[in-house]
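Residue numbering restarts at 1 for every chain, and letters A, B, ... go by the order of the sequence lines. Just so it is clear, the values below take in all heavy atoms, side chains as well, and ignore hydrogens, waters and symmetry mates.
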Amino acid sequence: MDLILQFCMNGLMLGMMYALVAVGFTLFFGVLDVIVFSHGDTVMIGSFAGLAMYWWLGSYYPELAVFWMTLWVLLAAVAVVALLGMLTADAMIVPLRKGPPLNTLLATMMLGTVLRESIRLFFPDGSNPQTFPGLLPDWSWQSGNLNLRFDNIVLFCSGACIIALVHLVINRTRLGMAIRAVAQDEEAAQLMGVNFRFIVLATFALGSSVAAFAGVMNGMYYNEINFGVGLLLGAIGFSSAVIGGLGNVYGAILGGFIFAFLQTIGVVVMPFASAYKDVFAFGAVILLMAWRPTGLIAEPASKRV
Amino acid sequence: MSVKREKAGFEPLYIDNVYVAYGKADVLSDVSMEILPGRITCLLGGNGAGKSTLIRAILGLTPPRQGSIAFDGVDITHEAPHRIVARGIACIPEGRRIFPKMSVYENLLMGAYQEKSRARIRATLEKVYALFPRLEERSRQLAGTMSGGEQAMVSIGRGLMRAPKLLVIDEPSLGLSPALVNENFRIIRKICEEGTAVFLVEQNVRQTLAIAHYGYVLSQGRVVAGGTAEDLKKAEQVQKAYFG
Ligand SMILES: Nc1ncnc2c1ncn2[C@@H]1O[C@H](COP(=O)(O)OP(=O)(O)O)[C@@H](O)[C@H]1O
Ligand SMILES: [Mg+2]
């Protein structure tokens, strides 16, 4: 029983992280109809920006309270990643829309490689895994086999708050209404007076900020980051978004948790080979796709003008 | 027909020697027009004549490659659509183009996207609901699930939400029942009587010329006739453009 609870807890943590990454994929697809394959590496950049901020604070303000330290690390990650996302959209993706969509896919994949290699080559000792600080106090509760970590609970709740915030922005604000309008009919939205470029930038800032949080969360959860973490996180986030039905924010969140659930199942049913949990999860995704080609929360393709 | 000049006060929309192309081939060549405040100006022409393309050019979606467009004394030829809209031009596009996954209410709010005053939004909303009581009954319904006629109401209502100086309407009666078409023309006339200039694109020649003050005829991307509605009724180019 304890063990099952423990698996659930871990699964929920991972699910939250994947959901946060998947939201970006789905938002970007919504407004620009492109898959931004560099998104996973953007998450990785977020982790490293947070780490750099931590080092900097550590050498100049070592006395800083844990709360402020965490906040600054998060802020650094969000700021760097939001800027990177906006730059990617404005300098690369929007101009490339004049050409065939395949060019955009290729360009974003190349950008991902450039980001990965830049960290590997230019970040101090970037080719080796880096220890990521736990930041939060390492309190935990132990009962039988169940180990509840305080920092995990905080991370999970913050993630839930961020998802709620995204929901509010999308559904309750003027900006969110414009984002949805652009996603449904870009030209009609412009005819209503929506500034297309501004909405694209805002969407990329939003999706990337959420991913930056996932990056920091990833670092704090595993206490280690390396230049390649974005590759797997990107593949998982993309799969999650597709499972949920691309373009649908709630689908992406659901997809993230489903993927984590699949990984957890993989560990539970094959405890002798937990290293294969990703193989199991991605295999299950392929089956899911065969069963529901348009995603779990299906939208008729004709609705996308 | 009484025209409230004070609200309509803008300098005419001047379209001057405009050339528009998608890719290489010119769709519009040397088009010049004038759309006057407080009046209904119509644009007639068969399928593929370039009417919608001209509207796209006016609103900045497909900027002209040559020529210029000026509204209210300002050159808007290469402005972004949202800036052009901000100058007081609203558009009811061809094919309705409502936001299918938004409620009727949200669709109408999108029409007032640039309006900051909540009080003014509420006031225009009341007006639109008075014009189309059906929209008020269905305000929570997703627009994509409404019938064709109801979607047309959403599209027209949305175009009125900003109380524009100039309303550009592209084939509003396409696909509507005869009763709804008549209702449509009645509403367009009313919009004009309240002081909004209307640029109406239509294929329904008789009814359009009955309510329009001025008109132009477009054929294969060129203006082949223009003048008062009375003149156009007699002009043989109109007959030619439509019947042979
Ligand atoms: N996006 C486009 N790309 C290429 N050609 C187009 C496009 N839109 C319209 N055209 C062409 O431009 C011409 C005029 O079209 P349009 O302005 O829609 O005519 P109308 O509204 O008068 O029926 C047509 O020959 C059409 O095929
Ligand atoms: Mg047309």
Side-chain angles (χ1 to χ4, degrees), chain A residues 26-27 29-31 33 90 94-95 97-100 167-203 244-252 294-295 297-305, chain B residues 22-23 52 55-63 79-103 105-116 118 121 142-145 151 154-155 157-164 167-170:
Chain A
T26 223
L27 277 179
F29 182 78
V31 293
D33 286 314
D90 209 35
V94 171
R97 266 156 56 96
K98 292 201 184 78
H167 166 83
L168 285 180
V169 168
I170 300 275
N171 287 299
R172 294 271 183 277
T173 65
R174 182 168 171 270
L175 172 70
M177 190 164 75
I179 291 177
R180 282 181 292 138
V182 168
Q184 288 172 41
D185 189 333
E186 174 188 322
E187 283 184 355
Q190 286 180 281
L191 291 178
M192 299 302 118
V194 171
N195 180 345
F196 177 70
R197 178 163 175 255
F198 175 79
I199 293 301
V200 167
L201 293 185
T203 307
L246 261 179
N248 183 320
V249 174
Y250 307 105
T294 51
I297 302 183
E299 299 180 26
S302 60
K303 284 281 170 58
R304 295 199 57 92
V305 179
Chain B
Y22 299 105
S52 300
I55 288 185
R56 293 176 62 85
I58 294 174
L59 281 139
L61 288 174
T62 312
E79 276 193 74
H82 70 277
R83 297 200 156 270
I84 295 172
V85 171
R87 297 193 182 282
I89 303 183
C91 177
I92 299 172
E94 185 174 30
R96 327 235 187 285
R97 305 289 285 267
I98 54 161
F99 301 109
K101 283 179 272 173
M102 289 189 185
S103 67
Y105 172 71
E106 278 188 314
N107 266 276
L108 295 178
L109 279 191
M110 277 309 297
Y113 181 74
Q114 292 188 342
E115 179 61 67
K116 292 284 178 342
R118 273 165 193 263
I121 292 178
L142 287 190
T145 65
Q151 293 192 4
V154 174
S155 181
R158 192 180 62 174
L160 296 177
M161 281 300 292
R162 186 78 214 289
L167 182 61
V168 178
I169 314 178
D170 195 352

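Checking side-chain atoms of Q114(B) against main-chain N and O of G193(A) turns up a donor-acceptor pair under 3.5 Å.
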**Request:** I would like to know whether R158(B) and M192(A) meet side-chain contact (heavy atoms from CB on, under 4.5 Å); could you show each step before the answer?
**Result:** CA-CA 8 Å; R158(B) 192 180 62 174; M192(A) 299 302 118; 3.5 Å; yes
**Item:** Step-by-step side-chain contact (heavy atoms from CB on, under 4.5 Å) determination, H82(B) to F198(A)
**Value:** CA-CA 11 Å; H82(B) 70 277; F198(A) 175 79; over 6 Å; no
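The two residues Y113(B) and I199(A) make their nearest non-hydrogen contact at OH-CD1, 4.1 Å. M177(A) approaches L109(B) most closely through the heavy-atom pair CE-CB, 3.8 Å. Heavy-atom minimum distance, A181(A) versus M110(B): CB-CE, 3.5 Å.
One finds the CG atom of D185(A) at 14.0 Å from the CZ atom of R96(B) (value rounded to the nearest 0.5 Å). The line from CG of L59(B) to CD of E187(A) is 10.5 Å long, rounded to the nearest 0.5 Å.
For R162(B), no part sits under 4.5 Å from any heavy atom of chain A, backbone or side chain.
L191(A) pairs with exactly one of I92(B), I89(B), L61(B) by the side-chain contact (heavy atoms from CB on, under 4.5 Å) rule, that one being L61(B).
Surrounding CZ of R197(A) are at most 12 heavy atoms belonging to other residues, nucleotides or ligands under 6.0 Å away. Heavy atoms from other residues, nucleotides or ligands lying under 6.0 Å from CZ of R83(B) number 12 at most. Environment of OH in Y105(B): sparse, with no more than 12 heavy atoms of neighbouring residues, nucleotides or ligands closer than 6.0 Å.
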